[in-house]
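Note sheet for the following structure.
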2 protein chains.
Amino acid sequence: MAASRKVTIADIARHVGMTNITVSRALNKPELVRPATRERIEQAALELGYVPNAFARGLKRSDSRLIGVVTASLDNPFYAEMIKAISRHAKQHDYAIMLFDTDSDPRLESTAIDTLLSYQAAGLILSPVSDEPDYQPDYLVRLKASDIAVVQLDRTLHDSGFSAVVLDNLWAGERVAHYLLEEALIAQRRTERDRLLVVAGPERSRITCERLEGVREALSAQAGEVTIDVLWGDYTLAPAVTQVRDYLGRHGVPRAIFGLNQLITLGALKALREAGIGRDQTCVVGIDRLPYLEIFDITVPCVVHDGYRAGAQALEQLLVQMRDPQAEVCTLTVRGELVT
Amino acid sequence: MAASRKVTIADIARHVGMTNITVSRALNKPELVRPATRERIEQAALELGYVPNAFARGLKRSDSRLIGVVTASLDNPFYAEMIKAISRHAKQHDYAIMLFDTDSDPRLESTAIDTLLSYQAAGLILSPVSDEPDYQPDYLVRLKASDIAVVQLDRTLHDSGFSAVVLDNLWAGERVAHYLLEEALIAQRRTERDRLLVVAGPERSRITCERLEGVREALSAQAGEVTIDVLWGDYTLAPAVTQVRDYLGRHGVPRAIFGLNQLITLGALKALREAGIGRDQTCVVGIDRLPYLEIFDITVPCVVHDGYRAGAQALEQLLVQMRDPQAEVCTLTVRGELVT
DNA sequence: CTGTTAGCGCTTTCAT
DNA sequence: ATGAAAGCGCTAACAG
């Protein structure tokens, strides 16, 4: 309420008849101060409503207790899960999170990185707006020149040289494709070639390429019997809906539809529903769990990844690199699991 | 890669043969510097990879471009939506977000606030772990003593004296109850008293009380015909499931079940499903949208609130108060909409 | 155990 | 249009 010029350690020092440094010590390294004085100081700090100034401290000892998280979207529940894990674990190690939702805008990503650098963030968990090879953001040099630890999560830059925690995308694609072969009867009625529709992310996205590669490998032996059609999108719901709608209009119902992430799969399901095509007319599979559907007895077979674990691992790796800047760059791969 | 002692404005100054202050000005108030010099300075800054030090700046001018967001959970999609809005709008005004997920732990909430104060955050959007009257956190004094602008979001502290953006909970409860009366045939078969099961949050939670109050008002004329049973929980899924399961075992299937938030409603549905009770045997209604269900043709009538709008309003209000510390404390109410 | 000194990087006077 | 000096709040490094 009161105007209250900010209370500093000097105020406390005056209050208890000591000098700044003693107060500083009492508050930060209590063991270096006589218990009696310490208590008086702590008491005074409380009374005066002292709040340490992170800027002053950060300026002096150029290290911060800040970890930056830069992600393309909070909408995606999979990302929300990873962020939850990061946040929880960061807290345990006494780091605060500075979160940037870049909204898929490369410029916002760039300013986010700069802000983090200016705040001397100790570490950065980065999931860039794009994992296409020609996305080579200009902030990379600055990031490299700084001594901030960096771990990429899920999406990775090409040749960035930073550590990463990624999903086993090849495996996921393969696994789903095998499931289709074995369980969902693809390529088992020989009257005509089966069509598998894969609804993907951007054409050059690494994640999309890897997942597709997995599909192709799994189906390579069936090359004569299965045609793979691919629709390119951007991992969000809306384009998936319109694209699938369009495809259905043009080519009819394929034998199976594979959505390369959660939102895409939902989009495909939506398009099917709009077109009045029942779940029994085609087989829909995906990557990432569709939340809560089990409650309604709806099953969409999919490879699910443990986002919480991925986030936690990213943070662990980051801590390792923060402790030891020489630590080897490494890529951890999180493998999913088929849930039918 | 290089060792790279940090580049400061002094380095730039040396590089271009000017003094610190000129460099500072060139970078912050370009109009005060001759265009030629300015360009040379900007050029040098780029070359040397200069990154401004937010701590030094913050220390000097005690204002920051930081807005803190403290919330009990990122799990809740409704909160994720609000945070998305906050983040997007903050960015537009050139503020960075410092996000704290308190995991419903009051101590974490308290340290989050202290961290924000120490970082001189310009504003704080707070959704505390509890909105029960006896939750009077100790950080309140510090918050009041500081000059940080505060806006509460959704959950509010009792008598805190801070502005807030809240939902029209009374209306939501009323609206759903009226729907039950009019459409869902509650109190229309007179053979026996109808039972309405409300699955709520904590017993003393303001939001729960308000929503319940709405229900009671709406049904007051039917006091003789409708019994309202209430189960207390904590707005999360798991307890809702077990409580409803238990209730069903004890009292059988009620005429209708009203989940006071999204996760609770899902929990109730899950319990019903586990008990093998079909959607036709009771009427389930809720507050907050159950995402994506329309894709599967599942409808759960509910009052939905626009989380994005609520978040955006909270940030707007915060900006108002940051600009004018004298601005009047105010409470904005966001009304939902019944979706059937 | 406590104090002195000095300086982190930047910006605000007030001069020139 | 540019510069000199001073200081924001805090903490290393060295004394005592």
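Convention: sequence-line order gives letters A, B, ...; per-chain numbering from 1.
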Requested in this report: Please list, chain by chain and in numerical order, all residues satisfying side-chain contact (heavy atoms from CB on, under 4.5 Å) with Gln313(A), sequence neighbours excluded.
Outcome: Val165(A), Arg309(A), Leu332(A), Val334(A)
**Report entry** Closest-nucleotide 5' rank along DNA chain D - winner of Gln120(B) and Thr22(B)
**Finding:** Thr22(B)
Query raised in the report: Of the candidate nucleotides dG3(C), dG9(C), dA4(D), which contains the atom at the shortest distance from the side chain of Leu59(B)?
Result: dG9(C)
Query raised in the report: Nearest-Å distance, CZ (Arg40(B)) to C1' (dA1(D))?
Result: 14 Å
Report task. Return each pair, listed once, that meets salt bridge (Lys or Arg N to Asp or Glu O under 4.0 Å) where at least one residue sits in residues 115-140 of chain A; pairs must be two or more places apart or across chains. Result -> Asp134(A)-Arg204(A), Asp138(A)-Arg142(A)
Requested in this report: Could you state the atom-to-atom distance from CZ of Phe55(A) to C1' of dG7(D) in whole Å?
Outcome: 17 Å
Query raised in the report: Between atom CZ in Arg34(B) and atom C1' in dG3(D), what is the gap in whole Å?
Result: 14 Å
Query - Cation-pi check, Lys60(B) onto Phe55(A) ring (under 6.0 Å, within 45° of axis) - result: no
Report summary line: Between CG of Asp63(A) and P of dC10(D) the distance, given in whole Å, is 16 Å
Report summary line: Whole-Å distance, Arg38(A) CZ to dT2(C) P, equals 10 Å
Query raised in the report: Are Gln120(B) and Asn53(A) side-chain neighbours, meaning at least one heavy-atom pair lies under 4.5 Å?
Result: yes
Query raised in the report: Near Glu328(B) CD, under 6.0 Å, is it more than 12 heavy atoms from other residues, nucleotides or ligands?
Result: no
Query raised in the report: Ile12(A) CD1 to dG9(D) P: how many Å, rounded?
Result: 13 Å
Query - Under 4.0 angstrom between Thr37(B) side-chain N/O and dT2(D) OP1 or OP2 - result: yes
**Report entry** Short side-chain to backbone donor-acceptor contact, Arg155(B) and Pro128(B), under 3.5 Å
**Finding:** yes
**Report entry** Lys6(B) with Asp11(B): basic N within carboxylate O range, under 4.0 Å
**Finding:** no
Requested in this report: Sugar-phosphate atoms are those with a prime plus P, OP1 and OP2; base atoms are the rest. Using that split, label each nucleotide of nucleotides 10-16 of chain C B, S or - for protein heavy atoms under 4.0 Å, 5' to 3'.
Outcome: BBB----
Query - Distance, rounded to the nearest Å, where Leu117(A) contributes CG and dG9(C) contributes P - result: 15 Å
Report summary line: Taken to the nearest whole Å, CG/Leu48(A) to P/dG9(D) is 15 Å
